[in-house]
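Have a look at the structure below before the remarks.
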Amino acid sequence: MTGATETSNQKMEANVVVLGTESVGKSALTVRLLTRRFIGEYGDIESIYSHSFLSEGKEITLNIWDSPYSEDLSRETSLFHKKVQWADGFVLVYSICDRASFNAASRLIQNIRSTKSPHGAEKPPIVLVGNKRDLHHRRTVLTEEGQLLALSTDCLFYEVSAAEGYHGVLSVFHGLMDRIKDVKLTSKRPLRFKGIVKSMSAVFARRRTDSL
Ligand SMILES: Nc1nc2c(ncn2[C@@H]2O[C@H](COP(=O)(O)OP(=O)(O)OP(=O)(O)O)[C@@H](O)[C@H]2O)c(=O)[nH]1
C-alpha cells in the first residue's frame, strides 16, 4: 500500500525510500534533513523516520525509510519489493567518487520502474542524487553523466554534499515531494473522452447484468 494521502486540504503525507549501494551517504542525507547536522558515522539501523514541513501553506509529512545496503541477495530482493510497493517516491543515491555506485543506481531505476509499474503506465517519482560533492578531487562520475542518466530516465537530478550543507539536501526532498504532488494531481484529472466512454460502458454493462 502506498501512503500518498491528503488528510485534508491543508495536509499531505507521503512515503519515501532512500536507496543506493553501501556507504554512498543514505543515512547522512536522511539525518541531515531531519536534524540539519552531519555526524560523520552512522550505525546500520533500519528505520522509518517522519519529517514534517510547510509548503505553500500545506503541512507535508514525509515518512522516510532508510536502510543499510546488504550484500545478502535474498534479503535484499524481498525487502526491495516491500519498499517499492510502500513508496510514493524514491531518493536514489550514488557517490560521485564511486562509479560502481552510479552503475548500480542506473540498474535500480530500471528495477524500481519494472517493479512499481510493470506495464509502464505510470512513472514513480525518483530523484537521482550524486552525493559527496565536497570530494571533487576524487570524482569519478561527471556531473554531466548524472544529468544525462536523469534526463533519459525522467528522474530529477541533484549533486549535493551531505557533509557540507543542509539546503542542497532539503531541495532533494522538496523536489521529490513536488513530483509526488504532480503525480497525485494527474491521477485526479477529469476523465478524457476515452475514459468517459470506458466508464459509461462499465455502467451500462452493470445495468444489463442487474436486470437479468
Ligand atoms: N566527504 C563526505 N563524506 C560523506 C558524505 N556523506 C556521507 N559521507 C561519509 O560516508 C560514509 C558512509 O555514510 P553513510 O551515510 O553511513 O552511508 P550509507 O549509504 O547509509 O551506508 P550503508 O548504511 O552502509 O548502506 C560515512 O563515513 C559518512 O561520514 C559527504 O557528503 N561527504
Side-chain angles (χ1 to χ4, degrees), residues 1-8 10-55 58-95 101 104-105 107-109 111-117 122-129 131 155-156 158 160 162-163 166-184 187:
M1 278 286 287
T2 59
T5 49
E6 209 149 332
T7 43
S8 77
Q10 298 311 317
K11 286 189 178 179
M12 186 178 164
E13 190 168 347
N15 296 339
V16 171
V17 170
V18 184
L19 291 171
T21 51
E22 196 178 9
S23 293
V24 291
K26 299 180 294 294
S27 300
L29 285 164
T30 308
V31 170
R32 185 57 112 167
L33 176 78
L34 297 171
T35 67
R36 295 185 176 226
R37 290 175 185 200
F38 180 75
I39 55 178
E41 287 311 317
Y42 305 85
D44 283 347
I45 311 166
E46 184 101 35
S47 300
I48 297 179
Y49 304 95
S50 214
H51 174 71
S52 297
F53 59 93
L54 277 177
S55 166
K58 247 185 197 187
E59 186 186 324
I60 313 276
T61 301
L62 293 182
N63 303 310
I64 304 167
W65 187 341
D66 170 40
S67 51
Y69 179 75
S70 162
E71 294 286 346
D72 177 351
L73 268 185
S74 60
R75 176 191 176 274
E76 269 301 297
T77 309
S78 67
L79 204 56
F80 178 77
H81 278 261
K82 255 188 217 156
K83 288 179 191 169
V84 170
Q85 295 312 338
W86 178 82
D88 300 303
F90 301 84
V91 174
L92 202 42
V93 191
Y94 67 90
S95 160
S101 74
R107 287 194 300 272
L108 270 169
I109 294 171
N111 289 348
I112 291 169
R113 292 263 154 86
S114 58
T115 307
K116 185 84 176 170
S117 177
E122 62 176 71
K123 284 192 177 153
I126 301 174
V127 184
L128 180 66
V129 181
N131 187 36
C155 298
L156 287 175
Y158 294 87
V160 300
Y166 168 67
H167 289 286
V169 175
L170 192 64
S171 307
V172 166
F173 286 89
H174 282 198
L176 179 61
M177 197 59 220
D178 286 344
R179 273 274 168 117
I180 294 174
K181 273 200 265 178
D182 286 349
V183 168
K184 264 174 69 73
S187 63

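Note that these values count all heavy atoms, side chains included, but never hydrogens, waters or copies made by symmetry. For clarity, every value in this text was computed on a predicted model and none was experimentally measured.
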Quiz item: Looking at side-chain heavy atoms only, is the closest gap between T61 and K11 below 4.5 Å?
Solution: no
Quiz prompt | Residues in ring-ring contact (aromatic ring centres under 6.0 Å, His included) contact with Y42, at least two apart in sequence or another chain | solution = none
Quiz item: Are the side chains of I112 and L92 in touch, meaning some heavy atoms are under 4.5 Å apart?
Solution: yes
Exercise. For T115, enumerate each residue passing the side chain to side chain donor-acceptor pair (under 3.5 Å) test, keeping only those at least two apart in sequence or located in another chain.
Key: none
Practice problem: Could you pull out the closest heavy-atom pair between T21 and S101, with the gap in Å? | Solution: OG1-CB, 3.2 Å
Practice problem: Only counting residues at least two apart or in another chain, list the ones meeting ring-ring contact (aromatic ring centres under 6.0 Å, His included) with Y94. | Solution: F102
Quiz item: Minimum heavy-atom separation for C155 to R113, with atom names?
Solution: SG-NH2, 4.2 Å
Exercise. Under the side-chain contact (heavy atoms from CB on, under 4.5 Å) rule, collect the residues that match up with L170, sequence neighbours excluded.
Key: L33, Y166, H167, H174
Quiz item: Residues in side-chain contact (heavy atoms from CB on, under 4.5 Å) with L156, at least two apart?
Solution: V127, Y158, R179
Quiz item: Looking only at heavy atoms, what is the nearest atom pair of A163 and R32, with distance?
Solution: O-NH2, 3.0 Å
Quiz item: With sequence neighbours left out, what residues match S114 under side-chain contact (heavy atoms from CB on, under 4.5 Å)?
Solution: none
Self-check item: S55: partners by side-chain contact (heavy atoms from CB on, under 4.5 Å), with sequence neighbours left out
Solution: F53, I60, K181
Exercise. Using atom types as modelled and distance alone, determine if a side-chain donor or acceptor of K26 lies under 3.5 Å from a backbone N or O of V93.
Key: no
Exercise. Check whether any side-chain N or O of D88 sits under 3.5 Å from a backbone N or O of N15 as a donor-acceptor pair, and report yes or no.
Key: yes
Self-check item: Those residues that, when tested against S27, pass side chain to side chain donor-acceptor pair (under 3.5 Å) (two or more places apart)
Solution: D66
